[in-house]
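Scroll down for the structure; my scribbles are underneath it.
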Amino acid sequence: MKKILAICAAVLMLTACVALAACSSGTKSGNVTVDCPLENGTYTADFKTDSSMFHINEALKGKCTLTVKDKQITAHIVLASKNIEKLFLGKKEDAQKSGAALIVGQPEKVTYSDGYTEEAYAFDVPVPYLDKEFDLALIGTKGTWYDHKVSISNPEPASN
């Protein structure tokens, strides 16, 4: 009986070690584990949100720019206006905590197909994974945080 228990304990320990190794195989990005299938470089990708009020600037046709360096993925997104001021990778409850890593919008010029140019806010967002929704909270000019789900998919090498 002791031999069977010892074998069971060994199997459980081995299973735990394999599971732990699998969970830690990604690269850390802040508090997020990233499994990056892309080589270092620049890509364009589809950026989707769960809200018609929170979206990529229409001049960019739903696309964002991905930068990959050392298995870290960052999405450069340009929104439709300057009404959204800060983003947070995660939920609004965590965004409001002291020391939260808020992503502050930076003004960027956008040119539409008719030649009209305006400024909107752009953000560099760490991407925890591709082809799967993740949480991205936002706060706008009215001072209220909102939770949203976003996804980034179909990366293609950017044309230079």
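All residue numbers refer to positions in the sequence shown, counting from 1. It should be emphasised that the depicted structure is a prediction, and the values quoted were computed from it without experimental measurement.
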Quiz item: Between Thr42 and Leu66, does a side-chain contact (heavy atoms from CB on, under 4.5 Å) hold up when you go through it step by step?
Solution: CA-CA 6 Å; Thr42 305; Leu66 298 182; over 6 Å; no
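- Taken from CD1 in Ile56 to CZ in Phe47, the straight-line distance is 5.0 Å, to the nearest 0.5 Å.
- A donor-acceptor distance shorter than 3.5 angstrom exists from the side chain of Gln96 to the backbone of Lys92, with no hydrogens or angles considered.
- Atom OG1 of Thr74 is separated from atom NZ of Lys69 by 10.5 Å, given to the nearest 0.5 angstrom.
- Residue Tyr121 is not grouped with residue Ile139 when hydrophobic side chains (ILVMFWY) are merged at heavy-atom distances under 4.5 angstrom, including chains of intermediate members.
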Self-check item: Working for side-chain contact (heavy atoms from CB on, under 4.5 Å), residues Thr67 and His76
Solution: CA-CA 8 Å; Thr67 302; His76 182 76; 6.0 Å; no
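- Scanning all heavy atoms of the two residues, the minimum distance from Cys64 to Ala75 falls at SG-CB, 4.2 Å.
- Under the 4.5 Å side-chain criterion, counting only non-hydrogen atoms from C-beta, Pro155 is in contact with Leu38.
- Ala59 and Tyr112 get closest at one heavy-atom pair: CB-CD2, 3.6 Å.
- In this structure, Leu138 and His148 have side chains that are in contact, with non-hydrogen atoms separated by less than 4.5 Å.
- With Asp70 contributing its side chain and Gln72 its backbone, the two residues share no donor-acceptor pair below 3.5 Å.
- Note on Leu87: it clusters hydrophobically with Phe134, by side-chain heavy-atom contacts below 4.5 Å among ILVMFWY residues.
- Residue pairs satisfying the side-chain hydrogen bond (donor to acceptor under 3.5 Å, both in side chains) criterion with at least one member in residues 131-146, sequence neighbours excluded, are listed as follows: Asp135-Lys149.
- Residue Leu102 comes nearest to Ala95 through the heavy atom pair CD2-O, 3.7 Å, listed as atom of the first residue, atom of the second, then distance.
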Exercise. Could you walk me through whether Phe123 and Ile84 pass side-chain contact (heavy atoms from CB on, under 4.5 Å), step by step?
Key: CA-CA 10 Å; Phe123 299 85; Ile84 296 171; 4.3 Å; yes
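- A salt bridge is absent between Glu118 and Lys109; no separation between the charged side-chain nitrogens and carboxylate oxygens falls under 4.0 Å.
- By the criterion of side-chain heavy atoms lying less than 4.5 angstrom apart, applied directly or through intervening Ile, Leu, Val, Met, Phe, Trp or Tyr residues, Ile103 is not grouped with Phe88; the two fall into different hydrophobic clusters.
- In this structure, Ser153 OG and Tyr129 OH are separated by 14.0 Å, a value rounded to the nearest 0.5 Å.
- Salt bridge present: Lys97 and Asp94 bring a charged side-chain N and a carboxylate O closer than 4.0 Å.
- For the atom pair Glu58 CD and Ser113 OG, the distance stands at 8.5 Å (nearest 0.5 Å).
- A continuous path of Ile, Leu, Val, Met, Phe, Trp and Tyr side chains, each step under 4.5 Å between heavy atoms, connects Val150 with Ile73, placing both in one hydrophobic cluster.
- At a cut-off of 3.5 Å, with distance as the only test, a side-chain donor of Thr117 or Thr111 sits close to an acceptor on the other residue.
- Residues Glu93 and Asp147 have side chains in contact (heavy-atom distance under 4.5 Å, counting atoms from C-beta outward).
- Across Leu89 and Pro126, no two heavy atoms sit closer than the pair CD2-O, 3.7 Å.
- For Lys82, the NZ atom counts as densely surrounded, since its 6.0 Å shell holds more than 12 non-hydrogen atoms of other residues, nucleotides or ligands.
- With hydrogens and angles disregarded, a donor-acceptor distance shorter than 3.5 Å links the side chain of Asn57 to the backbone of Leu79.
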Quiz item: After noting the C-alpha distance and the side-chain angles of Phe54 and Leu136, does the key distance pass the side-chain contact (heavy atoms from CB on, under 4.5 Å) rule?
Solution: CA-CA 11 Å; Phe54 170 44; Leu136 192 63; 3.9 Å; yes
